[in-house]
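A quick write-up on the structure given underneath.
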Protein chains: 2
Amino acid sequence: MTSQLSVGVLMFIAARDVENRVIEAMRRAGVDDITVAQGRVAARIGPHGTRLSDLAEQAQVTKQTATALVDRLEAAGYVERVPDPRDGRARLVRFTAKGEAMLPVARAEEQQVEREWEQHLGARRMRDLRESLTLLREITDPYQEPADV
Amino acid sequence: MTSQLSVGVLMFIAARDVENRVIEAMRRAGVDDITVAQGRVAARIGPHGTRLSDLAEQAQVTKQTATALVDRLEAAGYVERVPDPRDGRARLVRFTAKGEAMLPVARAEEQQVEREWEQHLGARRMRDLRESLTLLREITDPYQEPADV
DNA sequence: ATGCTCTAGTTCGATAGTCTGACCAATATA
DNA sequence: TATATTGGTCAGACTATCGAACTAGAGCAT
């Protein structure tokens, strides 16, 4: 085992930790029927609903995968599909009241993780980390924000 | 869509990019039968072989998952299992010549990605990023290095 | 030395994730 | 109007992942 892991692996380890902790926190709060993959999609749903195709693009999975993941979230009662008034073909995926209720749990844990990271790294490093990651997103995220948000 | 993504999501996006790019580079080089999940395990195999249970622990998956992933890598000819001289129960998973041959491809792409990141961020930011990620690993990676490596 | 506990790796069964190909209907474009 | 593109779903197939269970080897206590 080389003592010097690549930045990609280090990044993966940290990201994995956050995801697992958020899922765990939700389990402890009684939301135990959401998987990591479902959570990745759910986390992309905007406040007024988001198209399935947009979710797929954000999560960088195929439409079919997004369909399947949303199917499960819908079956579990966290999201619903409603027609998109701007396009007769499209549907908006939005949170149900049940879904809205779980969001604060996830958000709180994310913030808890970030506080612990900041405690470990120091405020300056944490700030720099966020800035660097935000910059990196410019070249690592294929997703392009819809023009009319 | 909130304009401020959590650090966890930003981290995930960057890590995903690296993984996808490495897999793509290997595809272009003719290694088109390794999946991302298999690559995650393969990347943990040490120079003299690594125990399956160690791989599982590093990758934070169950032994069964690691077994299945190694099964596939073995079937594809990239790794082999040999007895571990230090423990009659254990096997070491090590690269075959075919597996050894693919490593430089993955490494080269990882380094190419890092160069591009450094170009985008600047040398200082990149150095800080690596340092912060290394520090974060202390609190985000449950894996403990074996005492006798 | 013996008995018990723990561990390495495998098998089985089941579920979730993921993709390609295909399809239909709505929308956009020439 | 005809054609191309797009949104979402279905079908089929493969991969990833986990819990449960099991066997054999190793570790530990007596």
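Throughout, a chain's letter reflects where its sequence line sits, starting with A, and its residues are numbered from 1. What you see is a predicted model; the values in this text were computed from it and never measured.
In this structure, B/E118 does not pair ionically with B/R115, as no charged nitrogen and carboxylate oxygen lie closer than 4.0 Å. A salt bridge between A/R137 and B/D17 is absent, with no side-chain N of the basic residue lying under 4.0 Å from a carboxylate O of the acidic one. Under 4.0 Å is where a charged nitrogen must lie from a carboxylate oxygen, and between A/R16 and B/D141 at least one such pair does. Taking 4.0 Å as the cut-off between side-chain N and carboxylate O, A/E110 and A/R107 count as a salt-bridged pair.
One can place CD1 of A/I23 at 13 Å from P of D/dC18, the figure rounded to the nearest angstrom. The CG atom of A/D32 sits 14 Å away from the P atom of D/dG19 (whole-angstrom rounding). At whole-Å resolution of the value, CD1 in B/I34 and C1' in C/dC19 are 18 Å apart. Between the CG atom of A/D71 and the C1' atom of C/dT15 there is a distance of 15 Å, given to the nearest Å. To the nearest angstrom, P of D/dT6 lies 16 Å from CG of A/D84. Atom CZ of A/R51 and atom P of C/dA26 are 14 Å apart (whole Å). Atom pair B/E24:CD and C/dC19:P shows a separation of 12 Å (rounding to whole Å applied). D/dC18 atom P lies 13 Å from atom NZ of B/K63, rounded to whole Å.
With hydrogens and angles ignored, the 3.5 Å screen pairs a side-chain donor or acceptor of B/Q60 with a backbone N or O of B/E57.
Closest approach to the B/T67 side chain among C/dG17, C/dT10, D/dG8 is made by C/dT10 (side chain taken as heavy atoms from C-beta onward). Nearest to the side-chain atoms of A/Q38 among the listed nucleotides D/dG8, D/dC18, C/dA16 stands C/dA16. Of all nucleotides listed (C/dT18, C/dG9, D/dT9), C/dT18 comes nearest to the side chain of A/T65. In the set C/dT18, D/dT9, C/dG9, the nucleotide with an atom closest to the side chain of A/L52 is D/dT9.
Considering only side-chain N and O atoms, A/R72 lies under 4.0 angstrom from the phosphate OP1 or OP2 of C/dG17. A sub-4.0 Å separation between OP1 or OP2 of C/dC19 and a side-chain N or O of A/T62 is present. In terms of phosphate contacts, A/S53 brings a side-chain nitrogen or oxygen within less than 4.0 Å of OP1 or OP2 of D/dG8.
Screening B/L129, B/L10, B/D128 for a side-chain contact (heavy atoms from CB on, under 4.5 Å) involving A/L129 leaves a single residue, B/L129. If you run side chain to side chain donor-acceptor pair (under 3.5 Å) between B/E116 and each of B/H120, B/Q112, B/Q119, only B/Q112 comes through.
In this structure, B/R91 and A/Q64 both approach DNA chain C, and ranking their closest nucleotides by distance from the 5' end singles out B/R91.
The residue B/A90 sits close only to the backbone: its heavy atoms come under 4.0 Å of sugar-phosphate atoms, none of a base.
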Dump every N/O contact between nucleotides 27-29 of chain C and the protein below 3.5 Å, one line per pair.
residue: C/dT27; atom: OP1; partner: A/G88; partner atom: N; Å: 2.6

